[in-house]
Amino acid sequence: MISFFIKRLLLLIPVFLAVSLLIFMIVHLVPGDPIDNLVQNNSSPEQKAALAAKYGLDKPLYQQYAIWLGNALTGDLGDAIILRRPVADLIAQNLPHSLSLGALALLFSTVVGITAGALAAIYKDSWTDRLTMTLILLGSTVPGFWLGLLLIMLFAVQLGWFPVSGARSWDALVLPVLTIGLGGVALVARVTRVAMMETARKDFVMMLHAKGVPPWRIELRHVLRHALLPVVTILSLRIGWILGGAVTVEFVFARPGLGSLLITSLNQRDYPVVQGALLMLAVAVMLGTLLGDIVQAAMDPRVRERIK
Amino acid sequence: MALLSVQGISVAIGALCPLEGVTFDIDKGEILGLVGESGSGKSLTAMCVMGLLPRIGGTITKGSIAFDGRELIGLPEIELRRLRGKRIALISQNPMTSLDPIIRIGAQIDQVSILHLGLSATTAKARSLDLIAQLRIPEPEAIHRAYPHQLSGGMKQRIIIAMALAADPDLIVADEPTTALDVTIQAQIIQIMVELVRDRGLALMLITHDMGVVAQACDRVVVLYAGRVAEMNGIGEIFAEPKHPYTRELIRCIPRLGQEPGSLKGIPGVVPSIVDYPDGCRFNPRCSNAQALCRDEAPALEPKSSGLAACHFSEV
Ligand SMILES: Nc1ncnc2c1ncn2[C@@H]1O[C@H](COP(=O)(O)OP(=O)(O)OP(=O)(O)O)[C@@H](O)[C@H]1O
Ligand code: SF4
Ligand SMILES: [Mg+2]
């Protein structure tokens with residue numbers, strides 16, 4: 001298990017290098033010069049050059065990349081050009097907001113999705129099943145930001161139950177978590193339901209009935225447990241999607257967080273911040289898939305066998 | 001009184017009627033063979049006895065199944081569940097897929113005695129280890145800790161036999177327990193199973209399509225043909241003097257030494273399909289004795305000089 005963990009970690013190194021290079025390149029290929037934002041319109045080319053030199057923007061690209069990556073690995077992501085603060089500080093300040101939002105949305109999707117999917121599978125063809133499946137269909141077709149706006153209008157503006165925006169108190173989290181989470185609920189419920197119905201047809205389930213095991217125990221201890229394997233896979237692949245959801249949702253709800261930071265800095269062409277935020281997101285996605293693999297291995301002995 | 005008495009059961013699955021008037025019984029400590037070609041209804045008969053027919057969408061439309069004097073048809077599911085695994089155990093056709101792949105072997109055997117005998121986890125484990133050893137599996141402790149994918153097919157089938165024995169049942173239903181296994185270990189598994197069943201004085205319903213296995217293991221035989229009983233008799237009688245032309249063909253086709261063990265393939269004609277069973281005696285298109293009567297009227301299962309057979313023209 002430990003050696004598996006180390007092996008997976010080592011495998012992530014080339015991925016990390018490729019992703020970091022991509023992030024660096026994209027940021028440098030988009031049109032617009034951040035120096036233009038820093039200086040007055042009438043400043044001389046000399047003044048611009050001095051500023052470019054200060055931020056290392058005059059060096060060749062590969063050198064800039066090497067320096068940036070080297071520093072990033074030591075936790076130094078450079079200084080924000082517009083906000084004039086260390087990027088690492090900005091990220092440290094925003095990350096907890098995004099993490100709590102992402103983690104809660106993940107938890108919500110998992111718990112509600114698995115419960116709904118399991119109920120739909122156990123009581124298949126009943127009204128529980130049909131209702132769940134209808135909601136799931138709705139949940140998976142409605143775009144997140146639109147749902148967010150809808151929720152704001154209903155629960156925040158009309159009913160006034162939750163704040164419209166911001167992150168000052170816990171209840172400000174409810175609508176954003178719902179917005180990101182409902183799509184996840186739909187996905188998880190669908191995967192759980194299909195996987196449970198597929199598992200229920202397997203020979204070993206018939207054998208469990210033949211052993212006289214009570215049906216509810218067969219469903220929960222055996223069938224559901226098998227259905228969780230594809231759920232874990234799908235969730236670990238969707239970590240990026242949930243974080244992506246966080247980006248738009250933070251924007252819609254005007255919440256602080258990595259997503260807001262990213263969008264603001266993109267508009268201001270604040271390269272170092274954009275790079276730092278994207279790199280953080282990429283690392284989070286990679287750690288998410290790693291976590292998924294570990295959970296999978298912990299749950300399925302056949303996966304552990306394959307690893308050896 | 002027989003331990004299990006199946007009287008004239010008919011089964012419907014949707015519009016199909018795959019079993020019709022199936023009748024047989026099993027005494028305490030007896031090994032009954034149930035033979036027939038693929039599709040003749042052997043597994044469905046097993047499902048009926050286990051009370052699992054509704055799980056595959058079937059219903060028993062006629063007849064009675066009495067186990068130890070108690071009628072099983074119409075018994076509430078919860079009562080049936082108390083019999084399953086405890087008094088009537090199943091050994092399934094495919095050991096490769098019959099164990100939960102993500103649960104340790106030991107836990108799957110322990111489950112039975114914990115559930116039905118109320119044993120504690122420790123006593124259940126001790127009991128399972130003992131059973132594993134009785135099935136001549138080396139290193140019971142290691143096997144108890146292993147997962148199904150770490151075992152060979154033969155080992156898995158032994159584990160399933162252990163599972164079937166775990167709650168000391170009175171009757172074991174074994175549905176082609178060795179068909180999925182390598183031919184080299186088939187005889188060995190049958191032998192171990194039969195030995196354990198005999199030692200404990202259990203009744204065994206052994207489903208097979210292999211008359212060789214029947215000869216090796218059984219006391220009595222029921223021959224199924226196209227969802228009906230063709231013949232039922234003691235092992236000596238059936239081999240010495242088969243009453244039904246189909247049984248005669250089956251015996252003729254037993255592979256001899258050095259021959260490819262392909263069992264039932266040698267009977268001329270084709271197995272009738274469930275969607276258009278022939279009128280009258282369902283064996284008539286393949287029977288060399290068939291007369292006009294055979295095409296018009298289904299023969300009843302009747303006592304002959306020994307045993308029962310369903311043939312208008314069976315000698316004696
Ligand atoms: N779930 C089902 N739905 C519809 N028909 C079924 C079902 N199960 C079995 N049958 C039909 O019932 C008949 C008897 O099937 P059964 O499985 O009992 O045969 P079998 O004698 O066990 O054959 P085999 O040697 O292949 O296992 C077959 O014609 C089969 O097609
Ligand atoms: S009833 Fe007729 S067709 Fe059927 S087995 Fe007997 S002789 Fe053959
Ligand atoms: Mg079968």
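We name chains A, B, ... by the order of the sequence lines, and we start the count at 1 in each one. For clarity, every value in this text was computed on a predicted model and none was experimentally measured.
Proximity to chain A is limited to the side chain of Ile103(B), based on heavy atoms less than 4.5 angstrom apart. At a 4.5 Å heavy-atom cutoff, the contact between Gln108(B) and chain A is made by backbone and side-chain atoms alike. Heavy-atom distances place no part of Leu83(B) under 4.5 Å from chain A, backbone and side chain included. Residue Val205(A): no heavy atom, backbone or side chain, is found under 4.5 Å from chain B. Contact of Leu90(B) with chain A is made through backbone and side chain together, with heavy-atom distances under 4.5 Å. Both the backbone and the side chain of Lys211(A) come within less than 4.5 Å of a heavy atom in chain B. Contact annotation for Met163(B): only side-chain heavy atoms (C-beta onward) come within less than 4.5 Å of a heavy atom of chain A.
Of the charged side-chain nitrogens involved, none lies within less than 4.0 Å of a carboxylate oxygen, so that Arg225(A) and Glu219(A) do not count as a salt-bridged pair. In this structure, Glu79(B) pairs ionically with Arg82(B), as a charged nitrogen and a carboxylate oxygen lie closer than 4.0 Å. For the pair Arg221(A) and Asp100(B), the salt-bridge criterion is not met [side-chain N within less than 4.0 Å of a carboxylate O].
No hydrogens or angles considered: a donor-acceptor pair under 3.5 Å links the side chains of Ser64(B) and Glu71(B). Using a 3.5 Å distance cut-off with no hydrogens or angles, the side chains of Asp300(A) and His226(A) do not pair a donor with an acceptor. No donor-acceptor contact under 3.5 angstrom links the side chains of Asp182(B) and Gln186(B), judged on distance only. Looking only at atom types and distance, the side chain of Glu176(B) has a donor-acceptor partner in the side chain of His209(B) under 3.5 Å away.
Options Met299(A), Met207(A), Arg217(A) differ in how many heavy-atom pairs under 4.5 Å they form with chain B, and the most are formed by Met207(A). For chain A, the option among Ala89(B), Gly85(B), Ser92(B), Ser98(B) with the highest count of heavy-atom pairs below 4.5 Å is Ser98(B).
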